[in-house]
Amino acid sequence: GERNYSCFSSSDFYSSLGLEDFLSVGDISGTEEDTDSAILYGTLRGSVVGLRYYTGIVNNNEMVALQRDPNNPYDKNAVRVNNVNGDQVGHIKKELAAALAGIMDSKLAVVEGVVPYGAKNVFTMPVQMSFWGREENREAVLDQLKRHGFKLSPPLKVGSESRFGSKWISGRAGPSYSAPVHAAVQLTTEQLKSEFDKLFEDLKEDDKTCEMEGAETVGTLLLPHQKQALAWMVSRENSNDLPPFWEERSDFYYNILTNFAEKKRPENIRGGILADDMGLVIILIQSLNFCLCRMCVHVSYWFIIWFILICGKYYTLFCYAGKYSDDGSRATLIVCPLSVLSNWMDQFEQHIHQDFNVNIYVYYGSDRSKDPSVLSEQDIVLTTYNILATDYGIRGGSPLHKVKWLRIVLDEGHTIRNPNAQQTKAVLNLEGQRRWVLTGTPIQNSVKDLWSLISFLKMKPFTDREWWHRTIQRPVTTGTPGGLGRLQSLIRSITLRRTKTSKVKGKPVLELPERKVLIQHVTLTEEERQVYQSVKEEGKAAISRFFSEGTVLAHYADILGVLLRLRQLCCHPHLCVNTSSSFSYLSVSADNKTPEELRETLVKKMKLVLSSGSDEECAVCLESLTVPVITRCAHVFCKPCIFEVIRSEQPNAKCPLCRNKLRVEHLVECPPEEEIDSSNGKKSDQEWISSSKVNALMHALIELRRDSPNAKCLVVSQFTTFLSLIENPLKESGFAFTRLDGSMAQKKRVEAIQCFQSSQAGSPTVMLLSLKAGGVGLNLTAASRVFLMDPAWNPAAEDQCFDRCHRLGQKHDVVITKFIVKDSVEENMMKIQNKKRKLAAGAFATKKPSASEVNQTKINEIKALIDL
DNA sequence: ACCGCCGGGTGCC
DNA sequence: ACCGCCGGGTGCC
């Protein structure tokens with residue numbers, strides 16, 4: 001989970017202020033993406049005609065999909081009616097289709113159908129339609145219908161959602177007039193985990209405790225929970241259970257969510273989600289080779305089991321040896337983020353016995369084979385999401401997509417949470433029956449995140465987003481009774497999850513040392529205070545002006561800029577690049593600037609964004625910015641992402657973050673590296689001075705060295721330039737230190753980590769760490785102390801950072817010190833963080849406050865941050 | 001479709 | 001009869 005907590009266009013920051021609705025973060029392509037905030041306008045009864053021309057059949061109360069059919073030679077207004085399987089059932093009667101066509105084409109509303117009496121119709125059948133859309137489109141929709149002589153009925157009882165008396169449904173469901181619901185508050189990592197764990201609350205302990213039988217030889221080498229995991233995985237790959245929500249009914253298979261039925265048995269889900277808390281599955285690595293050999297003797301005719309340790313996480317993979325799967329496939333494909341690719345390679349190298357004759361191919365780099373048969377002859381093919389996505393587009397097709405895989409494993413599977421990302425599409429189009437997802441956080445922000453994973457697992461009917469949305473996502477987000485229950489049973493049936501507090505056979509799975517968080521207040525010197533105060537007053541004046549003008553949101557990036565400067569000044573005066581105390585750059589009005597001035601202003605802003613934290617996220621692809629460009633409204637995106645937005649929304653493209661007009665010719669690219677780095681260069685010329693915060697840190701470090709000379713610590717900041725500044729006093733005081741930040745090449749990172757983790761005398765005792773460097777997997781357990789130099793917007797980001805040393809393998813209690821400047825924006829950030837932690841409890845799947853409440857909260861937060 | 005609709009055949013009682 | 005009525009042909013979009 002890459003999180004983002006830096007300034008400006010950071011989507012996390014928006015959500016941390018509860019602004020994401022207003023700014024439509026993540027809602028960039030119209031109705032389809034925005035089905036969450038849709039409300040039900042009403043329902044309408046219509047008829048489906050032409051049944052006898054099609055093979056698709058439907059049951060009573062079955063959900064149907066309405067699909068525009070603009071190329072129909074008989075009627076350009078045609079609307080097809082398909083059953084859950086996608087087979088056409090008929091058409092909407094033409095008079096009604098004429099009314100629907102406009103509404104559907106302009107995406108004013110989403111129209112969903114349920115067939116109340118679907119069975120036994122020969123020529124026509126009724127259909128109950130629900131119209132969903134944004135509040136502001138309601139009138140337009142009602143109007144269009146009226147013009148064709150139709151009128152919506154209030155949504156009293158509709159469709160199959162309300163009818164099936166199954167165990168998943170408690171009481172009545174169905175459309176309601178509920179307000180749009182989003183997760184209003186950003187959860188911290190811990191809260192997310194605990195919200196996710198609530199899904200498992202009623203899971204009986206013994207549900208998954210059956211250990212694998214017939215593997216006694218393995219048994220002596222495995223701990224109970226490992227045996228449990230092994231048994232679960234084996235059973236998942238071989239089980240004949242029906243997928244969730246399917247029942248066998250007198251030689252039909254029946255889906256109780258959609259009421260769809262068919263003769264063909266829905267395919268088993270051969271795989272699942274391994275969402276074990278990081279580092280929970282423990283095994284003695286030393287015995288691994290031995291373990292493999294033992295198994296080779298005893299079970300090799302059947303399969304070999306590989307235990308693979310990745311950054312403290314253990315996963316079990318299976319690979320059929322000798323006898324491959326029934327369809328002749330042999331190779332297991334492992335897809336992972338680039339940052340963990342080397343981990344996998346190292347682990348294979350270290351732990352797979354040479355005698356074992358395992359073929360591993362790393363499909364990465366320019367010399368990767370274009371020949372699919374080379375890949376299919378391997379036992380394991382390793383690749384990254386990016387390679388997969390890049391290859392997917394090439395002419396002639398990607399070799400990865402031509403192989404029928406024995407097994408596909410997604411490491412850090414939440415990488416594909418964005419359904420529109422190229423990576424996701426590339427992953428979803430892979431071939432292979434057995435599918436596994438490894439991730440610590442299957443749900444990162446909302447239930448939405450799950451769709452890609454569920455779809456990857458080929459779970460019928462959720463592979464189609466419409467059915468996922470109608471049967472799970474909407475019921476959960478609107479709080480429909482039974483909705484959460486469905487999600488629970490769905491996730492439980494495919495997920496293995498044990499947490500720090502889980503027990504197997506009554507014994508806790510893991511005991512971690514304690515973790516303490518201390519807040520140390522820092523008082524600025526007279527001089528520092530003066531600078532801070534003057535910048536603050538100036539910023540405050542500008543922001544109050546925005547308030548009085550009512551342009552707070554239009555100037556959002558500027559407000560973040562003011563706050564960034566204040567945060568920087570809390571750390572060190574030299575962090576503020578443009579210390580000229582003028583905020584003239586605050587208003588980017590095109591009118592009174594020459595094009596060149598405008599460009600310069602935008603470049604300045606973009607530099608500010610890029611230097612504000614470490615890697616920035618693009619609000620379109622949710623990945624870190626590759627080729628950053630800035631819009632005239634001062635929001636930063638990847639160049640290809642924003643081009644795609646403009647292309648697809650022609651001719652009236654709007655900024656995904658603020659809905660201002662976008663034009664390609666107004667986009668400004670980031671100037672070459674040196675320009676950005678010039679500020680760093682300048683800094684080294686500047687005479688080095690200390691700051692109150694640096695003094696506080698050095699005092700603590702020296703004290704620590706005196707009291708426990710062997711203790712190692714992390715010094716964490718969001719500002720890499722701050723880390724550079726800290727290097728000076730560290731050298732002066734004779735500390736051996738190393739450094740890890742986002743800009744370092746993979747090889748250097750590994751070196752830095754190994755060096756720091758080493759227990760050799762003279763190895764570094766301090767690591768300078770940028771807050772979001774490295775993936776979740778980063779293991780820095782050598783450190784037992786953490787000094788957090790500056791608070792993050794998102795408390796989750798801090799927690800994740802702390803988890804890098806407070807994790808499996810940590811032998812000592814972990815003490816975390818947060819330096820917070822008294823009477824500053826930092827204190828205010830802490831207050832908001834605390835409020836959010838409280839607010840977030842139970843925020844998952846519950847309704848959020850009204851729009852006006854949210855609005856008020858967000859305004860209060862800005863005010864609180866700058867003491868207005 | 002055991003309908004509706006169309007259009008041709010038909011035409012006092 | 002430029003009607004009504006009858007009954008056969010016919011049938012999504």
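The analysis underlying the following values was restricted to heavy atoms, covering all of them including side chains, and did not include hydrogens, waters or symmetry mates. Convention: sequence-line order gives letters A, B, ...; per-chain numbering from 1.
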Separation of B:dA1 atom C1' from A:L51 atom CG, nearest Å, is 12 Å
When rounded to whole Å, the CE to P distance for the pair A:M125 and B:dA1 reads 15 Å
**Prompt:** Any side-chain N or O of A:K94 less than 4.0 Å from the OP1 or OP2 oxygen of C:dC13?
**Reply:** yes
Under a 3.5 Å limit on both distances, the Watson-Crick or wobble mate of C:dC3 is B:dG11
With sugar-phosphate meaning primed atoms plus P, OP1 and OP2, does A:I92 contact a base, only sugar-phosphate, or nothing at under 4.0 Å between heavy atoms? sugar-phosphate
Given 3.5 Å as the limit, does a donor-acceptor pair link the side chain of A:R486 with the main chain of A:T471, or not? yes
A:Q67 atom CD is separated from C:dC12 atom P, nearest whole Å, by 20 Å
Could you tell me whether the side-chain ring of A:F123 sits stacked on the base of B:dA1, using a centroid cut-off under 5.5 Å and a plane angle under 30°?
yes
What's A:R80 touching, base or sugar-phosphate or nothing? Going by heavy atoms closer than 4.0 Å.
nothing
**Asked** Does the ring of A:Y74 meet both stacking tests against the six-membered base ring of C:dC12: centre distance under 5.5 Å and plane angle under 30°?
**Response** no
**Asked** Does atom OH of A:Y74 have more than 12 heavy-atom neighbours, drawn from other residues, nucleotides or ligands, at distances under 6.0 Å?
**Response** no
Is a donor-acceptor pair below 3.5 Å formed from side chain A:N72 to base C:dC13, judging by atom type as modelled?
yes
When rounded to whole Å, the CG to P distance for the pair A:D69 and C:dC13 reads 12 Å
